[in-house]
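Atoms considered below: every heavy atom in the structure, side chains included; atoms not considered: hydrogens, waters and symmetry mates. All values reported here derive from a predicted model rather than from experimental measurement. Proteins get letters first, then strands, A, B, ... in listed order; numbering begins at 1 in each.
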Amino acid sequence: MLDIALIRQKPDWVKEQIAKLNDEGAVARIDIIVNLDKERREARTRIETAQAARNKLNRAMGKLRGNRAMADEEKAARAQAACRAIGETDYEGASGIMDGSTAISAGEAIDPKPAFDGLIRELRQMGDEIGKGFGLIESLEADMRSQMLWLPNLPHESVPVADSENANAPRQPVGAFREFDFEPKPHWELGPALGIIDFERGVKLSGSRYYVLAGWGARLQRALISFFLDCARANGYTELYTPYIVHSDMLYGSAQFPKFQDTVYGLADEDKYLLPTAEVAIANLHRDEILEEIELPLNYAAHTPCFRSEKASAGRDVRGIKRVHQFEKVEMFKFTTPETSYAELETMTEQAEAICAELDIPYRRLEIVTGDLGFSASKKYDIEMWSPGCEEWLEVSSCSNCETFQARRAMLRYYPAGTRKSRYLHTLNGSGLATPRVMIAIMENYQRADGSIVIPEVLRHYLGGADVIEAAGG
RNA sequence: GGAGAGGUGGCCGAGUGGUUUAAGGCGAUGGUCUUGAAAACCAUUGUACGGUCCUCCGUACCGCAGGUUCGAAUCCUGUCCUCUCCGCCA
């Protein structure tokens with residue numbers, strides 16, 4: 001979520017920033033929000049003033065009713081006088097009369113019953129109107145919130161301004177490209193031939209975009225996950241095991257909802273959803289907490305399955321395991337101060353790149369332009385591995401700084417050292433890495449003419465020292 | 001899944017529908033005292049939003065959501081969570 005104060009103060013500047021993104025309709029929300037904000041603040045000021053008067057009168061009523069030292073005749077006279085004052089909207093006066101701090105002149109004897117009934121009638125009427133007022137505030141604030149939830153994050157000033165992903169600027173690739181003396185095959189041929197990917201049975205079990213890994217395929221994946229987690233730990237990330245099913249609030253917190261609601265899988269009978277990424281679970285870990293600056297940065301990593309409906313990309317990348325409904329990923333996540341988040345983004349991205357280098361697969365970094373930033377990132381780098389079989393760059397990691405965008409939604413805050421005035425944290429997330437695509441890259445880069453696959457050096461000790469996946473399978 | 005008990009500030013823990021606007025304690029912070037510390041004493045002690053933005057004022061929040069009432073931490077309903085026992089179970 002964006003800072004409402006910023007929108008209020010510089011609506012035109014915010015519009016300019018949003019216009020750089022590929023998000024039609026978001027700019028138009030700003031005017032709606034500015035108007036709602038104005039309306040809601042006016043209502044709040046007005047209603048809360050009335051509520052303050054009413055609270056005071058009710059308290060005074062308590063004093064009048066409960067005053068044992070006061071004769072019933074005087075109470076009745078005061079009730080009647082207070083009733084008259086309220087009718088003239090003199091709430092201060094009425095309050096003083098009721099709590100006994102204002103003297104009243106003695107009049108004729110009054111029947112207490114109608115006097116109090118009249119007073120209660122006045123108070124009830126005030127209450128009814130205030131009730132309506134709070135109803136108005138509630139509906140204005142609900143409208144505001146639903147508008148705000150659809151606004152994307154603003155790009156960092158360093159992000160290149162361009163419309164589409166085609167403009168993402170790749171850096172120089174790193175690592176040696178293989179030279180094959182045969183035609184390298186795509187993984188969707190290598191996998192079934194080796195018996196390590198079973199597309200047909202995956203589809204039989206669950207439908208298209210599902211697959212079964214068997215034997216060395218399953219073991220290779222497990223080895224990769226262990227390797228990734230060990231890298232994360234060496235880099236100072238605390239490993240987490242989180243729930244894979246979370247409340248819908250968590251998806252609002254990490255900003256998948258409301259915009260990308262149709263990309264996740266939900267449970268039928270509960271307001272709970274399967275993780276599309278561990279980011280959702282980790283981003284909400286410190287929800288509604290206020291951390292101390294000395295604890296920061298907090299670095300977490302978790303391996304989870306990720307479930308994605310991929311409705312938006314129906315028909316795309318249908319071959320192989322590049323785009324599937326269920327995959328495994330190790331996610332890196334950082335909670336930092338605003339001052340350090342951009343340095344941490346560089347660190348995190350370099351850590352993801354280092355994993356590619358250790359696997360000895362050619363990779364490159366893309367600096368993502370404004371039009372391809374996505375909804376929640378202020379700045380983003382993608383990392384791609386080269387796959388010689390399908391002859392394309394595969395996105396294996398995406399590292400983002402969301403600044404305070406998620407923090408505002410999930411109430412992630414900290415006290416700067418020596419203060420008690422809380423600020424929002426910055427959140428960063430990055431894949432480190434995602435298995436199916438890294439599996440593709442390994443299979444295609446490490447394939448040999450006979451269809452066997454050499455196991456990358458760094459993975460061998462996770463696989464009992466084996467150095468090659470032979471065509472016979474494991 | 002069944003039965004019972006319970007959710008109150010950073011923590012513990014009082015709290016008859018009003019007459020102090022959550023008592024008291026612990027912790028924390030600041031101060032007094034001290035060569036220093038401890039002790040003692042004094043003061044401060046949450047979050048969000050709104051108004052003014054120097055500071056203060058106001059509103060809301062006693063798990064959450066409704067309801068009753070002029071007025072709810074307190075009464076009613078629903079719900080979530082925790083604990084104990086029973087059942088089932090990797």
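By the side-chain hydrogen bond (donor to acceptor under 3.5 Å, both in side chains) test, A/Glu292 is found to be paired with A/Arg420, residues two or more places apart in sequence or in another chain being considered. Every side-chain contact (heavy atoms from CB on, under 4.5 Å) that A/Asn401 has, sequence neighbours left out, goes to A/Ser341, A/Tyr342, A/Leu345, A/Glu403, A/His426, A/Leu428. Among residues two or more places apart in sequence or in another chain, the ring-ring contact (aromatic ring centres under 6.0 Å, His included) test is passed with A/Phe199 by none. With sequence neighbours excluded, the residues forming a side-chain contact (heavy atoms from CB on, under 4.5 Å) with A/Ser376 are A/Ala255, A/Cys402, A/Phe405, listed by chain and number.
Legend: ring-ring contact (aromatic ring centres under 6.0 Å, His included) pairs involving residues 70-96 of chain A, not counting sequence neighbours: none detected.
Remark: A/Arg54 is not in phosphate contact with B/C70, judged by side-chain N or O atoms under 4.0 Å from OP1 or OP2. One finds no side-chain N or O of A/Arg44 lying less than 4.0 angstrom from the OP1 or OP2 phosphate oxygen of B/G50. Dashed line: the shortest gap from a side-chain N or O of A/Arg413 to OP1 or OP2 of B/A48 is under 4.0 Å. For B/A48, the OP1/OP2 oxygens have a side-chain nitrogen or oxygen of A/Ser422 closer than 4.0 Å. Taking side-chain N and O atoms only, A/Arg8 has a distance below 4.0 Å to OP1 or OP2 of B/G50. Within the structure, every side-chain polar atom (N or O) of A/Gln51 is placed at least 4.0 Å from both OP1 and OP2 of B/G58. Residue A/Tyr415 places at least one side-chain N or O closer than 4.0 Å to OP1 or OP2 of B/U47. At the phosphate of B/G51, OP1 or OP2 sits under 4.0 Å from a side-chain N or O atom of A/Arg41.
Across the strands present, B/G78 finds its partner in B/C64; the criterion is a Watson-Crick or G-U wobble pair with both atom distances under 3.5 angstrom.
In the set B/C70, B/C49, B/A60, the nucleotide with an atom closest to the side chain of A/Asn55 is B/A60.
When each of A/Phe134 and A/Leu64 is assigned the nucleotide of RNA chain B bearing its nearest heavy atom, the one mapping closer to the 5' terminus is A/Leu64. The 5' end of RNA chain B is approached more closely, in terms of each residue's nearest nucleotide, by A/Ala52 than by the other of A/Leu119 and A/Ala52.
Between B/G25 and B/G15, the two C1' atoms lie 15 Å apart (nearest whole Å). For the P atoms, the distance linking B/A65 with B/A73 amounts to 13 Å, nearest Å. Taking atom P on both B/G13 and B/G7, the two are 10 Å apart, rounded to the nearest angstrom. Taking atom P in both B/A28 and B/C86, one finds a spacing of 41 Å when rounded to whole Å. Nucleotides B/G50 and B/U45 are separated by 23 Å at their P atoms, to the nearest Å. Rounded to whole Å, the P atom of B/A90 lies 47 Å from the corresponding atom of B/A48. A gap of 25 Å separates the P atoms of B/A72 and B/A14, to the nearest Å. Taking atom C1' on both B/U44 and B/A3, the two are 47 Å apart, rounded to the nearest angstrom.
In this structure, a donor-acceptor pair under 3.5 Å is present between the side chains of A/Lys329 and A/Thr277.
Contact of the A/Lys63 side chain with the A/Met98 side chain is not registered, since no non-hydrogen atoms from C-beta on lie closer than 4.5 Å. Two residues are said to be in side-chain contact when any heavy atoms from C-beta on lie closer than 4.5 Å; A/Lys379 and A/Ser400 fail this criterion.
Between A/Phe257 and A/Tyr252, the gap from one ring centroid to the other is short of 6.0 Å.
Remark: nothing in residues 136-153 of chain A comes within less than 4.0 Å of RNA chain B through any heavy atom.
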Is there any protein nitrogen or oxygen under 3.5 Å from a nitrogen or oxygen in nucleotides 14-18 of chain B, and what are the pairs?
from, atom 1, to, atom 2, distance (Å)
B/G18, O2', A/Gly62, O, 3.4
B/G18, O6, A/Arg65, NH1, 3.0
B/G18, N2, A/Asn58, O, 3.2

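Between A/Ile290 atom CD1 and B/A28 atom C1' the separation is 15 Å, expressed in whole Å.
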Kindly list each side-chain donor-acceptor pair under 3.5 angstrom involving residues 119-144 of chain A, sequence neighbours excluded, with atom names and distances?
from, atom 1, to, atom 2, distance (Å)
A/Ser139, OG, A/Leu136, O, 3.4
A/Glu141, OE1, A/Arg44, NH2, 3.2
A/Glu141, OE2, A/Arg40, NE, 3.0
A/Glu141, OE2, A/Arg44, NE, 3.0
A/Glu141, OE2, A/Arg44, NH2, 3.3

Ignoring hydrogens and angles, write down the donor-acceptor pairs under 3.5 Å from the side chains of residues 223-244 of chain A, residues two or more places apart or on other chains.
from, atom 1, to, atom 2, distance (Å)
A/Ser226, OG, A/Arg222, O, 3.3
A/Asp230, OD2, A/Tyr462, OH, 2.6
A/Asn235, ND2, A/Cys231, O, 3.2
A/Tyr237, OH, A/Gln351, OE1, 2.6

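In the interface, the side chain of A/Glu48 is not paired with the base of B/G50 through any donor and acceptor atom under 3.5 Å apart.
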